[in-house]
Colleague: 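What follows is a single structure, and I will ask about it in a moment.
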Amino acid sequence: MSKKKKIKTNALRLLDRDHIPYRVEEYEYDDEHLSGEHIIDQVSLEAPDIYKTLVLQADDDHQYLVCCIPVLESIDLKKLAKLSGHKKVEMIHMKDLLNTTGYIRGGCSPVGMKKQFPTYFDATIAKDREIALSAGKRGYQMIVNSQTIVDYTKATVGDVLKED
(Lines give C-alpha, C1' and ligand atoms only; values in the text may rest on other atoms or scores of the structure.)
Protein backbone atom coordinates (compact mmCIF):
# COMPACT_ATOMS: atom_id res chain seq x y z
CA MET A 1 0.00 0.00 0.00
CA SER A 2 1.50 3.35 -1.02
CA LYS A 3 1.24 6.47 1.05
CA LYS A 4 -0.07 9.62 -0.61
CA LYS A 5 2.39 12.49 -0.43
CA LYS A 6 0.97 15.28 1.69
CA ILE A 7 1.52 18.64 0.02
CA LYS A 8 2.13 21.92 1.79
CA THR A 9 1.86 25.27 0.09
CA ASN A 10 2.04 28.77 1.55
CA ALA A 11 -1.77 28.82 1.62
CA LEU A 12 -2.04 25.50 3.47
CA ARG A 13 0.75 26.38 5.92
CA LEU A 14 -1.11 29.57 6.87
CA LEU A 15 -4.41 27.72 7.31
CA ASP A 16 -2.63 25.15 9.51
CA ARG A 17 -0.91 27.86 11.54
CA ASP A 18 -4.22 29.63 12.17
CA HIS A 19 -6.18 26.40 12.81
CA ILE A 20 -8.51 26.88 9.84
CA PRO A 21 -10.08 23.54 8.89
CA TYR A 22 -9.71 22.41 5.28
CA ARG A 23 -9.17 19.36 3.15
CA VAL A 24 -7.27 19.02 -0.10
CA GLU A 25 -8.48 17.39 -3.29
CA GLU A 26 -6.06 16.59 -6.09
CA TYR A 27 -6.89 16.86 -9.80
CA GLU A 28 -5.12 16.13 -13.09
CA TYR A 29 -3.90 19.03 -15.19
CA ASP A 30 -1.43 19.95 -17.90
CA ASP A 31 -0.40 23.24 -19.47
CA GLU A 32 -3.17 22.89 -22.05
CA HIS A 33 -5.86 22.39 -19.39
CA LEU A 34 -5.51 25.13 -16.77
CA SER A 35 -9.06 26.43 -17.01
CA GLY A 36 -11.50 26.05 -14.17
CA GLU A 37 -13.79 24.03 -16.42
CA HIS A 38 -11.17 21.28 -16.39
CA ILE A 39 -11.39 20.99 -12.60
CA ILE A 40 -15.17 20.58 -12.37
CA ASP A 41 -15.30 16.88 -13.20
CA GLN A 42 -12.38 16.08 -10.91
CA VAL A 43 -13.42 17.73 -7.64
CA SER A 44 -16.23 16.54 -5.40
CA LEU A 45 -18.03 19.91 -5.41
CA GLU A 46 -20.39 21.33 -8.02
CA ALA A 47 -19.32 24.15 -10.38
CA PRO A 48 -21.02 26.97 -8.38
CA ASP A 49 -18.96 25.94 -5.34
CA ILE A 50 -15.59 25.99 -7.13
CA TYR A 51 -13.98 29.44 -7.17
CA LYS A 52 -11.18 30.89 -9.27
CA THR A 53 -8.83 33.57 -7.99
CA LEU A 54 -8.22 36.62 -10.16
CA VAL A 55 -5.59 39.31 -9.55
CA LEU A 56 -6.29 42.81 -10.76
CA GLN A 57 -4.84 46.29 -10.54
CA ALA A 58 -6.60 49.60 -10.05
CA ASP A 59 -5.77 52.24 -12.67
CA ASP A 60 -6.07 55.23 -10.34
CA ASP A 61 -3.53 54.16 -7.67
CA HIS A 62 -1.99 50.95 -9.08
CA GLN A 63 -3.20 49.00 -6.02
CA TYR A 64 -3.51 45.24 -6.50
CA LEU A 65 -6.78 43.49 -5.72
CA VAL A 66 -7.78 39.85 -5.46
CA CYS A 67 -11.22 38.68 -6.53
CA CYS A 68 -12.70 35.19 -6.25
CA ILE A 69 -15.65 34.21 -8.40
CA PRO A 70 -17.34 30.93 -9.39
CA VAL A 71 -15.21 29.10 -11.93
CA LEU A 72 -17.71 29.24 -14.81
CA GLU A 73 -18.56 32.92 -14.35
CA SER A 74 -16.97 36.10 -15.70
CA ILE A 75 -16.05 39.17 -13.72
CA ASP A 76 -17.64 42.55 -14.40
CA LEU A 77 -14.70 44.92 -14.03
CA LYS A 78 -16.97 47.96 -13.57
CA LYS A 79 -18.81 46.29 -10.69
CA LEU A 80 -15.54 45.35 -8.98
CA ALA A 81 -14.17 48.87 -9.49
CA LYS A 82 -17.26 50.34 -7.85
CA LEU A 83 -17.22 47.80 -4.98
CA SER A 84 -13.52 48.47 -4.35
CA GLY A 85 -13.83 52.27 -4.58
CA HIS A 86 -11.78 52.65 -7.76
CA LYS A 87 -12.56 54.30 -11.07
CA LYS A 88 -11.28 51.37 -13.12
CA VAL A 89 -9.67 47.96 -12.52
CA GLU A 90 -8.09 45.53 -14.97
CA MET A 91 -6.56 42.09 -14.86
CA ILE A 92 -2.80 42.11 -14.34
CA HIS A 93 -0.59 40.73 -17.09
CA MET A 94 0.15 37.02 -16.78
CA LYS A 95 3.89 37.76 -16.78
CA ASP A 96 3.44 39.84 -13.59
CA LEU A 97 1.47 37.21 -11.64
CA LEU A 98 4.40 35.31 -10.10
CA ASN A 99 6.33 38.43 -9.06
CA THR A 100 3.24 40.06 -7.62
CA THR A 101 1.67 37.10 -5.79
CA GLY A 102 4.22 34.29 -5.59
CA TYR A 103 1.78 32.08 -7.50
CA ILE A 104 1.51 30.98 -11.13
CA ARG A 105 -1.52 30.75 -13.41
CA GLY A 106 -3.70 27.82 -12.39
CA GLY A 107 -2.31 27.79 -8.85
CA CYS A 108 -3.23 31.22 -7.51
CA SER A 109 -4.87 31.21 -4.08
CA PRO A 110 -6.35 34.15 -2.14
CA VAL A 111 -4.39 32.85 0.87
CA GLY A 112 -0.61 33.01 1.15
CA MET A 113 0.32 35.59 -1.47
CA LYS A 114 3.57 37.52 -1.01
CA LYS A 115 1.49 40.37 0.40
CA GLN A 116 -2.09 40.51 1.67
CA PHE A 117 -4.05 42.42 -0.97
CA PRO A 118 -7.62 43.69 -0.58
CA THR A 119 -9.77 40.66 -1.34
CA TYR A 120 -13.27 40.45 -2.78
CA PHE A 121 -15.65 37.53 -3.21
CA ASP A 122 -18.70 37.53 -5.38
CA ALA A 123 -21.99 37.61 -3.47
CA THR A 124 -22.60 33.96 -4.39
CA ILE A 125 -20.19 33.13 -1.54
CA ALA A 126 -22.76 34.34 1.00
CA LYS A 127 -24.26 30.88 1.53
CA ASP A 128 -22.58 29.06 4.41
CA ARG A 129 -21.20 25.97 2.65
CA GLU A 130 -18.04 24.24 1.47
CA ILE A 131 -16.22 25.82 -1.46
CA ALA A 132 -13.08 24.92 -3.40
CA LEU A 133 -10.22 27.33 -4.04
CA SER A 134 -6.74 26.76 -5.37
CA ALA A 135 -4.49 25.45 -2.62
CA GLY A 136 -1.62 27.45 -4.11
CA LYS A 137 -0.31 24.84 -6.51
CA ARG A 138 -1.62 23.47 -9.80
CA GLY A 139 -3.41 20.18 -9.29
CA TYR A 140 -4.67 20.93 -5.76
CA GLN A 141 -7.87 22.47 -4.47
CA MET A 142 -8.47 23.34 -0.83
CA ILE A 143 -12.01 22.74 0.36
CA VAL A 144 -12.98 25.25 3.06
CA ASN A 145 -16.08 26.73 4.64
CA SER A 146 -17.20 29.78 2.67
CA GLN A 147 -17.82 32.06 5.65
CA THR A 148 -14.59 31.00 7.32
CA ILE A 149 -12.49 31.89 4.27
CA VAL A 150 -14.27 35.23 3.79
CA ASP A 151 -13.54 36.09 7.42
CA TYR A 152 -9.98 34.76 7.25
CA THR A 153 -9.07 36.82 4.16
CA LYS A 154 -10.94 39.86 5.53
CA ALA A 155 -12.75 39.94 2.22
CA THR A 156 -15.49 42.24 1.04
CA VAL A 157 -18.48 40.47 -0.50
CA GLY A 158 -20.51 41.96 -3.32
CA ASP A 159 -21.99 41.44 -6.78
CA VAL A 160 -19.08 41.38 -9.27
CA LEU A 161 -20.37 38.96 -11.93
CA LYS A 162 -21.24 39.82 -15.52
CA GLU A 163 -24.92 39.46 -16.31
CA ASP A 164 -25.81 36.84 -18.91
Colleague: Any side-chain heavy atom of T156 sitting closer than 4.5 Å to one from L83?
Modeller: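 Counting from C-beta outward, T156 and L83 do come under 4.5 Å.
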Colleague: Any salt bridge between K87 and D59, counting N to O under 4.0 Å?
Modeller: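 No salt bridge links K87 with D59.
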Colleague: If I compare all heavy atoms of P110 with all of T153, which pair ends up nearest, and what's the gap?
Modeller: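 Of all heavy-atom pairs spanning P110 and T153, the closest is O-CG2, 4.1 Å.
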Colleague: What closest approach, in Å, do V160 and C67 show between heavy atoms, and which atom pair accounts for it?
Modeller: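 So the two residues come closest at CG2-SG, 3.8 Å.
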Colleague: Is a side-chain donor or acceptor of Q141 paired with a backbone partner of V43 at a separation under 3.5 angstrom?
Modeller: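 Between the backbone of V43 and the side chain of Q141 there is no qualifying donor-acceptor contact (under 3.5 Å).
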Colleague: Just how far is it from atom CE of M113 to atom CG of L97, taken to the nearest 0.5 Å?
Modeller: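 Spacing of CE (M113) from CG (L97) equals 7.5 Å.
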Colleague: Could you state the interatomic distance from OG (S109) to CG (N10), rounded to the nearest 0.5 Å?
Modeller: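 Atom-to-atom, S109:OG and N10:CG are 9.5 Å apart.
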Colleague: Side-chain contact, heavy-atom cut-off 4.5 Å: L72 with I40?
Modeller: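 Of all side-chain heavy-atom pairs linking I40 with L72, at least one is under 4.5 Å.
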Colleague: Any side-chain heavy atom of T148 sitting closer than 4.5 Å to one from Y22?
Modeller: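 In short, these two side chains do not touch, never coming nearer than 4.5 Å.
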Colleague: Do P70 and D122 make a side-chain contact, defined as non-hydrogen atoms from C-beta onward lying under 4.5 Å apart?
Modeller: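 Answer yes - side chains close enough.
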Colleague: Please confirm whether the backbone N or O of R105 pairs with a side-chain atom of R138, one donor and one acceptor, at under 3.5 Å?
Modeller: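 Indeed, once roles are kept as given, a pair shorter than 3.5 Å links the two residues.
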Colleague: Got a second to check how far K8's NZ is from L14's CG, nearest 0.5 Å?
Modeller: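 Interatomic distance, K8 NZ to L14 CG, rounded to 0.5 Å: 10.5 Å.
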Colleague: Grouping I, L, V, M, F, W and Y whenever their side-chain heavy atoms are under 4.5 Å apart, do Y120 and I149 come out in a common cluster?
Modeller: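 Looking at the clustering, I149 is in a separate group from Y120.
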Colleague: Considering only heavy atoms from C-beta outward, does the side chain of E26 approach that of Q42 to under 4.5 Å?
Modeller: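 No, their side chains stay 4.5 Å or more apart.
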Colleague: With heavy-atom distances below 4.5 Å as the criterion, would you say the side chains of K154 and T119 are in contact?
Modeller: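 No, their side chains stay 4.5 Å or more apart.
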Colleague: Among the clusters formed by ILVMFWY side chains lying less than 4.5 Å apart, do F121 and L54 turn up in the same one?
Modeller: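 No: no chain of side-chain contacts under 4.5 Å links F121 to L54.
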Colleague: NE2 of H93 to OG1 of T100: how many Å apart, nearest 0.5 Å?
Modeller: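 H93 NE2 to T100 OG1: 10.5 Å, rounded to 0.5 Å.
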Colleague: Side chains of Y103 and V55, heavy atoms from C-beta outward: is any pair under 4.5 Å?
Modeller: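 Y103 does not reach V55 side chain to side chain.
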Colleague: Are any side-chain N or O atoms of D61 and backbone N or O atoms of Q63, one a donor and one an acceptor, separated by less than 3.5 Å?
Modeller: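 At least one qualifying donor-acceptor pair exists.
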Colleague: Taking all heavy atoms of V144 and all of P21, pick out the closest pair and write down the distance.
Modeller: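 Nearest pair, atom of V144 first, then P21: CG1-O, 4.0 Å.
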Colleague: Would you sort out whether D76 and D159 count as a side chain to side chain contact (heavy atoms under 4.5 Å, CB included), showing the intermediate values?
Modeller: CA-CA 9 Å; D76 184 317; D159 176 21; over 6 Å; no
Colleague: So which atom in L45 and which in I131 form the shortest heavy-atom distance, rounded to 0.1 Å?
Modeller: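 Closest approach of L45 to I131, heavy atoms only: CD1-C, 3.6 Å.
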Colleague: Is the number of heavy atoms from other residues, nucleotides or ligands under 6.0 Å of K162 NZ greater than 12?
Modeller: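 Incorrect, the count does not exceed 12.
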Colleague: Please report the shortest heavy-atom distance between R129 and I125, naming the atom on each side.
Modeller: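 So the two residues come closest at NH1-O, 3.6 Å.
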